[in-house]
> 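I am attaching a structure below and will ask some questions about it afterwards.
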There are 2 protein chains.
Amino acid sequence: MSRSQITIRDVAIQAGVSHQTVSRVINNSEQVTPSTRKRVEDAIKKLGYRPNVIARSMAQGHTHTLGCISPNLTNYIFSSIIENAQAEARRLGFFILTGFASSADDVPLLLDEMLNRRVDGLLVLNPRDDERYLHLLPLIESGMPVVYLKNTPKEEAVSSVCADDQNGGYLATQYLLELGHTNIVTIIGPKNEECTQDRLKGYRQALSEASIKQEETLVIKGDWSAESAGRAVQELLASATPFSAIFAQNDRMAVGTIRALRDSGLRVPQDISVIGYDDIPLASYFDPPLTTIRQPMDEFGRHGAQLLVDSIQNPKHSPRQVRLDTQLIKRNSCAPLQS
Amino acid sequence: MSRSQITIRDVAIQAGVSHQTVSRVINNSEQVTPSTRKRVEDAIKKLGYRPNVIARSMAQGHTHTLGCISPNLTNYIFSSIIENAQAEARRLGFFILTGFASSADDVPLLLDEMLNRRVDGLLVLNPRDDERYLHLLPLIESGMPVVYLKNTPKEEAVSSVCADDQNGGYLATQYLLELGHTNIVTIIGPKNEECTQDRLKGYRQALSEASIKQEETLVIKGDWSAESAGRAVQELLASATPFSAIFAQNDRMAVGTIRALRDSGLRVPQDISVIGYDDIPLASYFDPPLTTIRQPMDEFGRHGAQLLVDSIQNPKHSPRQVRLDTQLIKRNSCAPLQS
DNA sequence: CGCTCACATGTGAACGGTAACATTCTAATT
DNA sequence: AATTAGAATGTTACCGTTCACATGTGAGCG
């Protein structure tokens, strides 16, 4: 890039007007005569002028930039939320600066850098119940617009968009009950994540409505990865606990579960039914095609961006919590209980 | 956020020094006495001062921000490249502004907005051979640092990082040949993408080295999606073309291929061998576990960011092309030809 | 014909940093 | 004690916009 850029003043000279008039043309102010507007536009084209958003940000005090903090970018859940948030943000005139915090230690650093860059607001994915995320609280109190996305603590004080995970857990369990299963195992995610707790609540609610005694041995721990579910299932089988169905709290764990069951000579769904959660893109291409709970990925991002931009533009609006519906997707990994 | 922010001058007054001294402290200039440095640092802490990167960008003429244009963010290939590029960029003091162009029409718009935001350089993923990407050429000529990532045209004039797709195609085909297959189908991606052509070249090279006549009916078209491969396989079966192995040019198509074959009563790998490309995260959890060609996802992003930052900081360095190695990952979707 | 008013355009000062240069201070050297 | 180099600190201008206000212009009216 040639070092010195073309400024509004160069355009002004070329068009024989003042720099302010050029500014007015750029910002579509009504106060400009068609003839001068034309002259200015010609000058802009001729010189190849490009407005400097940095300078504008400086003068106006806002950047039209949103910060987005996510645990990572590769997990389909997050990437699709970010993609949709970005599309919506751009529609509203905002750009998104993404940053991922592989370890929670990175969060304060990331936050700092984004704040130094004067983002107008913050989109925070999976704000875990972790002290490193507590840095956000004073910020929010001081008036920085923030929206929590997915898996969020139930806080009245901050806007958030999350799925109705309790209902999701309920739907999954309910479906297995309908098929006649009563010994239903659930493989949960990390306990400090809100959605783990909610899905578990849904699971318990369904069981208790069906008057089934809840065995604590049927709730086993995973970490969302396929491998963790595989290990968990092996231990389960070794313990000789009786069960006929497994509700894995995400699809990756469901897939790991199926693999482990098959490795032990059990058939899915004939011997054991398995249901997942998320409906990841290739869910229907696994064997058997995965029955699962779908979350509306596109709406997370869209609502998140809308909520955030709204609270930037109307600082007085009070925080809102959006709760999205989940949906049972029946495929072939669950079958009626064989007696 | 309280409307008026704390500036370098507020800190200066508080510490009883000039604003320039504060600036020197912030930028770790050596020219500051320990005692004044301490006074300034205390003032910074006391006032909760935060440097304004926007103002700094304005004064210095560069933003320490990289633009990254990608067809989408959800595809694992892209998201992992972006994640790694971001990690590396941050290490080097840069942030990444991501933008995705769902349609190629979006590219010029995205480019415009990023240029208006004065990004210091541009990372372009999958710059297809498409007129909309030609907007980049004059930019590059004018000295804007740009790095093409993955699937790039072979241009000497611009830095790029891509995998050795020809060798990847060769490795896949070679492996099938080793297993005794001679009628090898390949399902390709869109023809205007460089990597499609390269993988196809590798496929042809392997066949020709094995002195096998190349039937054009064995090269069939997909669009990278599992569904497209399913349809392609159905047509192939309907045409009664004899074949015993399929090289799908990505894993999603491989998975779609396996599904379609099974739906027609064929077993994988006993009747037909299938090999994919990419080694997506759950590749080993499909049934059968996918044999595939792995690309080094992390290195794409890392090298891309390094190359870009280097050419920003040393405008005189000439463009470099990095070519990454691919690797055959043997799992269970391929078997020796049954005679 | 002069006055008013509304609209079009111009002027100068911010915004919060850094760059370049000027000045002051310190301590070593003469 | 005067000189002086070199380090520490200060001063002023500038980066490219927008904002607030000032000024210019022309139509409409009595």
Side-chain angles (χ1 to χ4, degrees), chain A residues 1-41 43-44 47-65 93 113 115-120, chain B residues 1-41 43-44 47-65 93 113 115-120:
Chain A
M1 195 163 48
S2 47
R3 197 73 294 256
S4 71
Q5 49 177 324
I6 292 132
T7 78
I8 214 176
R9 286 172 218 262
D10 299 323
V11 175
I13 291 167
Q14 172 75 28
V17 296
S18 78
H19 64 120
Q20 183 55 27
T21 300
V22 177
S23 174
R24 279 190 264 260
V25 170
I26 294 167
N27 294 290
N28 284 313
S29 159
E30 294 310 312
Q31 313 266 77
V32 188
T33 310
S35 77
T36 38
R37 153 158 283 134
K38 171 106 178 51
R39 247 182 321 140
V40 170
E41 281 168 349
I44 288 177
L47 297 179
Y49 167 79
R50 203 176 254 302
N52 186 324
V53 174
I54 298 294
R56 178 177 298 167
S57 297
M58 170 100 130
Q60 298 192 137
H62 54 252
T63 55
H64 278 259
T65 305
E113 293 182 37
L115 258 24
N116 289 352
R117 282 170 183 263
R118 297 299 191 268
V119 294
D120 292 336
Chain B
M1 195 163 48
S2 47
R3 198 71 294 254
S4 69
Q5 50 177 323
I6 292 130
T7 78
I8 212 176
R9 289 168 220 262
D10 299 322
V11 176
I13 293 167
Q14 171 76 27
V17 296
S18 77
H19 65 194
Q20 184 55 27
T21 300
V22 177
S23 173
R24 279 190 264 259
V25 170
I26 294 167
N27 295 289
N28 284 313
S29 158
E30 293 310 311
Q31 312 267 77
V32 187
T33 310
S35 77
T36 42
R37 151 159 286 133
K38 169 110 178 47
R39 247 181 321 140
V40 170
E41 280 167 350
I44 287 177
L47 298 178
Y49 166 79
R50 221 178 236 297
N52 185 324
V53 174
I54 298 293
R56 178 178 297 167
S57 297
M58 169 102 129
Q60 297 193 140
H62 54 251
T63 55
H64 278 262
T65 306
E113 293 182 38
L115 258 24
N116 289 353
R117 281 169 183 264
R118 298 298 190 268
V119 295
D120 292 337

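Here is how names work: the chains are called A, B, and so on, in the same order as the sequence lines, proteins then strands, and each is numbered from 1.
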> Strictly below 4.0 Å: does A:Q5 bring a side-chain N or O up to OP1 or OP2 of D:dG16?
yes
> Nearest 0.5 Å please: distance from the CD1 atom of B:I8 over to the CD1 atom of B:I13.
12.0 Å
> Identify which nucleotide among C:dG12, C:dT18, D:dG10 has an atom closest to any side-chain atom of B:V17, counting heavy atoms from C-beta outward.
D:dG10
> Please tell me which of the listed nucleotides, D:dT11, D:dG16, C:dG17, lies nearest to the side chain of B:H19?
D:dT11
> Would you say B:T7 places a side-chain N or O within less than 4.0 Å of OP1 or OP2 belonging to C:dG16?
no
> Looking at B:Q31, does any N or O in its side chain come under 4.0 Å of the phosphate oxygens OP1/OP2 on D:dA8?
yes
> From the list D:dT9, D:dT17, C:dT18, which nucleotide is the closest neighbour of the side chain of A:A55?
D:dT17
> How far apart are the closest heavy atoms of A:R56 and A:P51, and which atoms are they?
NH2-CB, 3.9 Å
> Do B:R37 and B:N28 come within less than 4.5 Å of each other through their side chains, counting heavy atoms only?
yes
> Could you go step by step and tell me if B:R117 and A:T65 meet the side chain to side chain contact (heavy atoms under 4.5 Å, CB included) rule?
CA-CA 10 Å; B:R117 281 169 183 264; A:T65 305; 2.7 Å; yes
> Among the candidates D:dT9, C:dT9, D:dT18, find the nucleotide nearest to the side-chain atoms of B:T21.
D:dT9
> Per the atom types in the model, does the base of C:dG17 pair as donor or acceptor with the side chain of B:R9 at under 3.5 Å?
yes
> Identify whether any heavy atom of B:V53 sits under 4.0 Å from a base atom; if not, whether one sits that close to sugar-phosphate; answer base, sugar-phosphate or nothing.
nothing
> Between C:dT11 and A:Q20, is there an OP1 or OP2 to side-chain N/O distance shorter than 4.0 Å?
no
> Check this one for me: any side-chain N or O of B:N27 less than 4.0 Å away from OP1 or OP2 of C:dT18?
yes
> So, does B:S57 get its side chain near the phosphate of C:dG17, meaning an N or O under 4.0 Å from OP1 or OP2?
no
> Using the side-chain heavy atoms of A:T33, tell me which of these nucleotides is nearest: D:dT9, D:dT18, C:dT9.
C:dT9
> Which residue lies toward the 5' end of DNA chain C, B:R50 or B:R24, if each is placed at its nearest nucleotide?
B:R50
> Counting side-chain heavy atoms from C-beta on, which of D:dT18, C:dG10, D:dT9 comes nearest to B:T36?
D:dT9
> Would you kindly give the CD1-to-P distance between B:I26 and C:dA19, to the nearest whole Å?
12 Å
> Looking at the side chain of B:S23, which of C:dT18, D:dT17, C:dG10 is the nearest nucleotide?
C:dT18
> Within this structure, what is the OH-CD1 distance for the pair B:Y49 and B:I44, rounded to the nearest 0.5 Å?
7.0 Å
